[in-house]
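Each chain gets a letter, A, B and so on, in the order the sequences are listed, and its residues count up from 1.
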Protein chains: 2
Amino acid sequence: MKDVAARAGVGLKTVSRVVNEEAGVTPDTVARVQAAIEALGFRRNDSARLLRTRRTSSIGLVLEDVADPFYAALSRAVEDVARAHGALLFTGSSAEDPRREQELVLAFCARRVDGLVVVPASDDHRYLSPEIEAGVATVFVDRPAGHLDADVVLTDNAGGVRDGVAHLIAHGHRRIGFIGDQPGIHTAAERLRGYREAMAGANLPVGADWIAMGPTTPESVRAALGTMLSGPEPVTALLAGNNRVTVTAVRVLSGLPRPVALVGFDDFELADLLSPPVTVVAQDAPGLGRTAAQLLFRRLDGMAGEEPSRTELSARLIPRGSGEIPPSP
Amino acid sequence: MKDVAARAGVGLKTVSRVVNEEAGVTPDTVARVQAAIEALGFRRNDSARLLRTRRTSSIGLVLEDVADPFYAALSRAVEDVARAHGALLFTGSSAEDPRREQELVLAFCARRVDGLVVVPASDDHRYLSPEIEAGVATVFVDRPAGHLDADVVLTDNAGGVRDGVAHLIAHGHRRIGFIGDQPGIHTAAERLRGYREAMAGANLPVGADWIAMGPTTPESVRAALGTMLSGPEPVTALLAGNNRVTVTAVRVLSGLPRPVALVGFDDFELADLLSPPVTVVAQDAPGLGRTAAQLLFRRLDGMAGEEPSRTELSARLIPRGSGEIPPSP
DNA sequence: CCTGACCTTGACAACGTTGTCCATCTCTCG
DNA sequence: CGAGAGATGGACAACGTTGTCAAGGTCAGG
C-alpha cells in the first residue's frame with residue numbers, strides 16, 4: 001500500500017480510501033491510484049485490516065466428517081449463507097474426537113473468526129465460555145452443546161422415528177425392531193425414545209430382543225438382526241437408526257426367504273434405485289446448515305444479546321417401497 | 001497480551017516467549033505468566049501474529065461443490081494433510097462458475113493463505129500469476145490450469161476409460177456406446193479420447209450414433225440411450241462417462257427386456273447393492289487430494305523454485321457384475 | 001575483588017491497515 | 001474582496017504480535 005501511495009504520489013490514507021471505495025476522493029485521484037494498484041498488482045492484506053476493524057468476515061465450521069454426505073450437504077448450505085453475507089468458511093472435521101473438536105474450535109478462535117457453527121463431538125463445551133463471552137457467536141447443529149447454554153438447531157429425531165414406526169404400524173406391523181447407535185450419542189438416544197413412544201402410543205409391547213443399541217458395524221448389525229428375526233417373536237419390520245444400519249439391513253434382508261419391511265433413518269443417494277426402493281425418514285441436512293448459519297449471522301448483526309434459542313426441524317417420511325411391505329406371518 | 005504482561009508483572013516480550021514456548025525463561029517466570037494467562041483467559045491473536053511472521057498456516061481449497069461425494073472425499077484428504085502440517089483449511093465451492101472461482105481464490109489470497117488447492121472451473125488462470133509470483137503455492141487438481149504453468153494432479157481419465165472399454169471388449173462386446181459430458185470439460189474430452197483409443201486399438205469401428213456428448217441431464221441421457229439401442233446397429237454395452245450418466249443408465253437399462261452391459265466412470269456408494277451391481281472405473285478421490293496437498297506443502301517447505309510437475313493417478317476397474325454381462329445378439 | 005561470559009529480561013520498532021484529526025484548497029455568497 | 005463552508009488530502013497513532021538488540025544480573029575463574 002505504501003508503494004502504491006508513492007507511485008500515485010498520494011498519501012497512504014488516500015489509497016486506503018480508494019481501496020475501500022470511500023467517498024471524498026476526486027475521480028482524477030481515484031484513477032491515478034487505481035492505475036498504480038493495477039501496475040503493482042496490489043492486493044489489500046485482509047489480516048492487517050482485521051487488526052483494525054476487528055472483523056474477519058470468516059466463520060468456522062466444525063463437523064464430524066466432511067466426507068459424510070449428510071455433513072457435506074450441511075456444509076454446503078452453511079457456505080452458501082456465509083457467501084451471501086460476504087464471509088469465508090474455515091472447515092474442520094472432528095472425526096468424532098472431542099479433543100480434535102476442541103483443537104479446531106480454539107484454532108478458529110485464535111484466527112478470530114466472527115462466529116462458529118459446531119456439530120458437537122464433545123459432551124462438554126464449557127471450554128467455549130470465554131470465547132463466547134469474548135464475542136464469538138456460536139451455534140450448535142445436529143446435537144446440543146454440553147453444559148453450555150447456546151443456540152442449537154436440531155432435527156426432531158424422536159418425532160421422525162415416531163412417524164417411521166407409525167408408518168410401519170399403519171401397514172399392519174406389530175412386531176417392529178429398532179437398531180441404533182450407542183445411546184451415549186444424543187441423536188441415537190432421541191431416536192430410541194421416538195421408537196418407544198410410537199410403540200407405547202399404539203399399545204404395542206416391545207420384545208426383549210427387538211432393540212439393539214451400540215456401535216453400528218456391519219457385524220453387530222448382522223448379529224442383532226439375526227437375533228430379532230429368529231427369536232420366539234420374530235420382527236416383521238425394522239427401523240434402522242442410521243445409514244450404516246440401513247445399508248447393512250438392505251443386504252441382509254434381501255437374502256432372506258420372507259420379506260421384512262424396512263424404514264431407514266436418514267436419506268441416502270440412490271435409495272430409490274435399490275430393490276425394493278428404501279423408505280426413509282429424511283433429515284433436512286441443507287435446512288439444518290442454512291438455519292444454523294442464518295441464526296449465526298443474525299447474532300452477528302446485533303441480535304447478540306438475546307436468549308439462546310432452540311430450533312427443531314422436522315424430518316420427513318419418504319415412502320418408496322420397503323416400508324410398505326405388509327407383515328409376513 | 002498487554003494485560004497478561006501487566007498482571008504477571010513482566011514485559012510484553014516475556015509473555016510472547018512463554019506463549020511460543022521459547023527457551024530462556026525461568027520456570028518461575030513461566031509459571032507466573034501462565035497463571036496470568038489462565039486467569040485472563042488469554043488467547044493469542046493469530047492474525048496479528050501473521051502480520052509479523054508472514055505465515056498464516058492456512059490453505060485455501062476451491063472445488064466445484066463440497067456436497068458432491070467425490071469432492072467431499074477429496075476435501076477430507078486435503079484437510080487431513082493440512083492438519084498434519086498444522087494448517088487450517090478454507091473451503092469454497094465454485095459451482096462450476098469461473099467468476100466465483102476467481103472471487104474465492106482472490107479472497108483467499110487477500111487472507112494471505114500460504115497455499116491454494118484448486119479444482120479449476122475457469123479455463124484461464126492468468127489472473128493467478130501475480131499471486132503465485134508473490135509466493136502463494138498453488139496446486140491444481142482433477143483438471144489442469146488454463147494458460148498457466150503450475151503443478152497439477154490428475155486422474156488418468158483416458159487410461160481409465162480405455163481399461164473400461166477393454167474390459168467390455170474382453171467380455172465379447174463389439175458395439176459399445178459412450179455417453180459423456182460436454183467436450184469443453186477437460187475430463188470429458190479425455191474420457192472420450194480413451195474410448196476412441198480403446199476401440200481403435202481393438203480395430204473396432206464406431207457407429208455414428210454410439211457417442212453422445214453434452215449436458216448429462218436424465219432426459220438427454222435417456223434420449224441418447226434410446227438412439228443407441230434402437231438404431232440399425234444397436235450397442236450391447238455402454239460406458240457411462242460420469243456418475244449422473246451411470247445412474248440414469250441403470251434406471252433405463254433395468255427396464256429393458258434384453259440385458260445391456262454397463263461400466264460407469266467414477267465409483268459411487270452402494271454401487272454393489274444395485275442389481276446387477278455396477279462395474280465401475282473408480283477414481284481415487286482421496287488420493288488426488290492427498291497427493292495435491294502433499295505437493296503443496298513440499299512447495300512450501302522449500303521446494304518452491306523447482307519446475308511445475310504433472311502427476312497422473314491411475315483409475316481402477318472394479319468388476320461387480322454389470323460390466324461382465326455378455327453381449328445379447 | 002575484578003573481568004568476562006552467559007543467562008534472563010524488557011524497550012522499541014515493525015508488520016499493513018484504518019480511524020482520528022487537522023491542514024489546505026476551492027468554491028460560494030455576502 | 002473576504003469569510004465561511006465544503007471538499008480533498010495527509011500525518012500520526014493504534015490494532016496485537018514478534019524480531020532485534022541492549023541492559024542488567026549472576027556466576028566462575030583469575
Side-chain angles (χ1 to χ4, degrees), chain A residues 1-37 40-58 106-114 130-131 134-136, chain B residues 1-34 36-37 40-58 86 106-114 130-131 134-136:
Chain A
M1 189 138 131
K2 214 170 26 183
D3 302 337
V4 175
R7 188 177 227 270
V10 301
L12 215 50
K13 182 63 207 199
T14 304
V15 178
S16 170
R17 274 194 267 260
V18 172
V19 170
N20 294 306
E21 303 182 338
E22 286 174 35
V25 186
T26 338
D28 179 52
T29 314
V30 173
R32 215 148 24 98
V33 171
Q34 249 152 8
I37 288 180
L40 270 60
F42 166 82
R43 214 84 76 180
R44 180 176 62 195
N45 185 330
D46 275 349
S47 305
R49 169 168 227 258
L50 130 79
L51 208 51
R52 294 285 300 169
T53 60
R54 337 211 67 223
R55 268 280 178 129
T56 52
S57 292
S58 55
L106 293 183
F108 290 160
C109 289
R111 250 63 160 205
R112 292 297 186 272
V113 293
D114 294 338
E131 313 296 340
V136 182
Chain B
M1 188 137 130
K2 215 170 28 183
D3 302 337
V4 175
R7 187 176 227 271
V10 300
L12 215 50
K13 180 65 208 196
T14 303
V15 177
S16 170
R17 273 193 268 261
V18 172
V19 170
N20 294 305
E21 303 183 337
E22 286 174 35
V25 186
T26 337
D28 178 52
T29 314
V30 173
R32 213 144 30 97
V33 171
Q34 250 151 7
I37 289 179
L40 272 61
F42 167 81
R43 215 84 75 179
R44 178 176 63 195
N45 185 330
D46 275 348
S47 304
R49 169 169 228 258
L50 130 78
L51 208 51
R52 293 286 299 171
T53 59
R54 339 216 57 213
R55 269 281 178 127
T56 52
S57 293
S58 55
L106 294 183
F108 290 161
C109 287
R111 250 67 161 201
R112 293 296 187 273
V113 293
D114 294 337
E131 314 295 340
V136 182

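- Following rounding to the nearest Å, R17(B) (CZ) and dC7(C) (P) show an atom-to-atom distance of 14 Å.
- Evaluation of the side chain to side chain contact (heavy atoms under 4.5 Å, CB included) rule for T14(A) yields V10(A), R17(A), V25(A), T29(A) as partners, not counting sequence neighbours.
- Across all strands shown, V10(B) has heavy atoms under 4.0 Å from sugar-phosphate atoms exclusively, and none from any base.
- As a whole-Å value, the separation of M1(A) CE from dG9(D) C1' is 14 Å.
- Atom CZ in R55(A) sits roughly 16 Å away from atom P in dT18(C) (whole-Å rounding).
- The interatomic distance linking E22(B) (CD) with dG19(D) (P) rounds to 7 Å, in whole Å.
- dG16(D) atom P lies 17 Å from atom CG of N20(B), rounded to whole Å.
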Listed pairs, N/O of protein and of nucleotides 12-15 of chain D, under 3.5 Å:
unit_1	atom_1	unit_2	atom_2	d
dA14(D)	N3	R52(A)	NH1	2.8

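- Residue-to-nucleotide contacts include no donor-acceptor pair under 3.5 Å from the side chain of R112(A) to the base of dG16(D).
- In this structure, R49(A) places its CZ atom 18 Å from C1' of dG16(D), rounding to the nearest Å.
- Applying the salt bridge (Lys or Arg N to Asp or Glu O under 4.0 Å) test to pairs two or more places apart or on separate chains, those with a residue in residues 41-53 of chain A are R43(A)-E131(B), R44(A)-D46(A), D46(A)-R111(B).
- Residue contacts shown for S16(B) include a base, since a base heavy atom lies under 4.0 Å away.
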